[in-house]
Each structure stands twice: as C-alpha cells, then as structure tokens.
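Data block below; observations after.
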Amino acid sequence: FAGGFNLTSVTFPFSLKTIGEYAFSNTSLKIIKIHASTPPTLDVNSFKDAKNDISIYVFNSSLNAYQNAPGWKDFTNLKGMSVDLPTLK
C-alpha cells in the first residue's frame, strides 16, 4: 500500500500477524481498525512518519497489549473499541 496517497482508512483481519517494511509509508491514513487480539509484528518503518497522524482502534480487551507492544506503543492515538461478535450456534 506504500504510496497509496488516497488511502485514508484500513481494517485489518483477526489473522494479521505482520506488517512489513514501508507497507503504509506515503499514505494518507487517518484510521486503522485492527481485529487481531495479539499485536502484529511491525517493521520499524511500517508506518514511516505517520505514527502521530493515525487513530488506531483495537478491541478494548487488547488495548493494553497494544499499548505495551514494540512499535505499537509508539503510536499516540491508540484507542479501544467494543464489538459484538456473532454467537456460534
């Protein structure tokens, strides 16, 4: 997604494990929603020069893990969100 200047938001799935080098550099990202309960591994440059500009929403139950995870703890706009998961029948 690097260089996707019109990219303003993205939602990552439960299965996300890693975000690679420069994956979201030179984008206009403002909002990221992450469904992964375990913080994905970040490269030091995954979100080059954008950490203060992006609001990142993670599940309330995972917020503490993200706030303490390498790379993620550097974001200034980590926020919790609630979700109603479907009931398995």
Side-chain angles (χ1 to χ4, degrees):
F1 297 101
F5 298 108
N6 294 324
L7 183 65
T8 59
S9 68
V10 67
T11 300
F12 294 128
F14 292 97
S15 59
L16 182 67
K17 302 289 183 213
T18 303
I19 299 176
E21 185 174 27
Y22 299 107
F24 292 94
S25 63
N26 296 318
T27 65
S28 298
L29 272 178
K30 295 296 177 194
I31 297 173
I32 297 174
K33 294 180 182 174
I34 305 173
H35 293 165
S37 57
T38 300
T41 302
L42 290 181
D43 182 273
V44 68
N45 292 312
S46 295
F47 295 95
K48 185 167 175 51
D49 299 325
K51 291 183 178 178
N52 294 324
D53 299 330
I54 302 171
S55 293
I56 298 179
Y57 295 89
V58 300
F59 294 134
N60 288 328
S61 58
S62 301
L63 184 58
N64 190 51
Y66 279 84
Q67 289 171 328
N68 292 296
W72 295 105
K73 64 183 177 184
D74 298 330
F75 283 88
T76 58
N77 294 317
L78 276 169
K79 302 173 183 186
M81 66 178 173
S82 59
V83 63
D84 292 326
L85 296 174
T87 304
L88 297 176
K89 296 180 181 183

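Bear in mind the structure is a predicted one, so any value in this text is a computation, not a measurement.
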With T38, which residues qualify under side-chain contact (heavy atoms from CB on, under 4.5 Å), at least two apart?
-> none
By side-chain contact (heavy atoms from CB on, under 4.5 Å) - contacts of T11 (at least two apart) = K33, H35
Is a side-chain N or O of W72 found less than 3.5 angstrom from the main chain of P40, in a donor-acceptor match?
-> yes
Is there a side-chain contact between K79 and S55 (heavy atoms, below 4.5 Å)?
-> yes
Verify the ring-centre separation between F59 and F12: is it less than 6.0 angstrom?
-> no
Kindly determine whether I56 and I34 satisfy side chain to side chain contact (heavy atoms under 4.5 Å, CB included), including the steps that lead there.
-> CA-CA 7 Å; I56 298 179; I34 305 173; 3.7 Å; yes
At their closest point, which heavy atom of G71 faces which heavy atom of F75, and how far apart are they?
-> O-CD1, 3.6 Å
Which donor-acceptor pairs under 3.5 Å do the side chains of residues 63-70 make with protein atoms, sequence neighbours left out?
residue	atom	partner	partner atom	Å
N64	OD1	N68	ND2	3.1
Y66	OH	A36	O	2.6
N68	ND2	N64	O	2.8

When rounded to the nearest 0.5 angstrom, what distance separates CD1 in I19 from CG in D43?
-> 10.5 Å
Please name the pair of heavy atoms, one in I54 and one in N77, separated by the smallest distance, quoted to 0.1 Å.
-> O-CB, 3.3 Å
Any sub-3.5 Å donor-acceptor pair from S46's side-chain atoms to G20's backbone N or O?
-> yes
Take I32 and F24, measure what side chain to side chain contact (heavy atoms under 4.5 Å, CB included) needs, and give me the verdict at the end.
-> CA-CA 11 Å; I32 297 174; F24 292 94; 6.0 Å; no
Which residues share a side chain to side chain donor-acceptor pair (under 3.5 Å) with N60, sequence neighbours left out | none
